[in-house]
Amino acid sequence: GEAAVACASGMGALTALFLALLAPGDHLVAARDLYGTTTAFLNEELSRLGVETIFVDATEPAQVLAALTPRTRAVYVESVSNPLLKLVDLEALGADLASRGVELIADSSFASPAILRPLGLGATVVHHSATKFISGHGDVTGGVAVGRQELMDRVRAAMMRIGTNLGPFDAWLAVRGLRTLHVRLERQSANALALARFLEGRQEVSRVYYPGLPSHPQHGLAQRLFKNGAGAICSFDLKGGAPAVERFMAGLCLIEFAPSYGDVATTWSYPVRTSHRQIPEAERTALGIGPGLVRLSVGIEA
Ligand SMILES: *Cc1c(COP(=O)(O)O)cnc(C)c1O
């Protein structure tokens, strides 16, 4: 990207970006599959500021394009969605949106820049929670927006005014982590693929979500998008729902629970209680986020 703005958190970067970009009366088209706090931000905060969000199934480019109105300023998607690893075909959207002057913003936190480069595929802005893979050690909160200079100048001005500046120690830690990003993701992707294959063979597991598996519904797109492995996140459904997750949790010896992800150590999370607790249960169920869903962030272990 031409320029980037580092912020105190992923949500801090998102807030600065939307304040720089949107005004009352504007429309935003957003994926239905998003990090839960992002969905809540669009529904609870942006709506009060007079920005209307239209949610679509972003795995279908035609649905995104059909939702555009003359007031649409931007389309917001996760290149790889949290927590079900649905992919967005950025190439299929980029040209159409550019010709209409609509920004294509990709939250690429789940993938990291080591395996996916949305700006080269048609996105005009990339957004990362640097809390995750960019810092990579579970000891930082940070966020970054990347895009063309003129827009990032406005994002930087908004960031200073609302005070979501990245602290100097977190900045130092994030840059330290960034040096090993490509090496970490190589090992993490290899480990995640091995684990995904293992889980797929287990009778306790009803479904595994990992773009590197041929069983992933968008495996062909994954092969086009990812250059060096399909990433470190792998989710799966345990048969038997919440009680099965409790047994699983009690049996784990080495893997710690963490609501975040992207650490060098493998961690696990439970989306209905963490990342998506702010989404009403009926909506979660409609999205496919059930009580048996476990999300793994696979580390660099041997
Ligand atoms: C964690 C996360 C965010 C928010 O980032 P914070 O640094 O926790 O504020 C946004 N989008 C996605 C996909 C995330 O996983």
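Owing to the predicted nature of the structure, the values given are computational and were not obtained by experimental measurement. Whatever order the structure lists them in is the order used to number ligands and atoms, beginning at 1.
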- Message: How far is atom 5 (O) of ligand 1 from the closest protein heavy atom, and which atom is that?
- Response: Ser129 OG, 3.0 Å

- Task: May I ask you to check if Lys132 and Tyr35 form a cation-pi contact, with NZ or CZ under 6.0 angstrom from the six-membered ring centre and within 45° of the axis?
- Result: yes

- Item | Heavy atom of the protein closest to atom 9 (O) of ligand 1 (residue, atom name, distance) | Met11 N, 2.9 Å

- Message: Which of the numbered atoms in ligand 1 are under 4.0 angstrom from any heavy atom belonging to Thr131?
- Response: 6 (P), 7 (O)

- Looking only at protein heavy atoms, what sits closest to atom 1 (C) of ligand 1 is Lys132 NZ, 1.5 Å

- Using distance alone, with no hydrogens and no angle criterion, decide if Glu200 and Ser215 have a side-chain donor and acceptor under 3.5 Å apart. yes

- Enumerate the atoms of ligand 1 whose separation from the nearest heavy atom of Gly10 is less than 4.0 angstrom. 5 (O), 6 (P), 7 (O), 9 (O)

- Message: Given Tyr35, Phe41, Tyr261, identify the one with the heavy atom nearest to atom 3 (C) of ligand 1.
- Response: Tyr35

- Query: With the 4.5 Å side-chain cut-off for hydrophobic clustering, are Leu97 and Val29 part of the same group?
  - Reply: yes

- Tell me which one of Asn82, Asp107, Val144 gets a heavy atom nearest to atom 12 (C) of ligand 1. Asp107

- Message: Looking only at the side chains, is there a donor atom on one of Ser109 and Glu78 sitting less than 3.5 Å from an acceptor on the other?
- Response: no

- Out of Tyr270, Trp268, Phe248, Tyr209, which one pairs with Phe236 under the ring-ring contact (aromatic ring centres under 6.0 Å, His included) rule? Phe248

- Task: Take the angle between the ring planes of Phe41 and Phe18 and call it parallel below 30°, perpendicular above 60°, tilted in between.
- Result: parallel

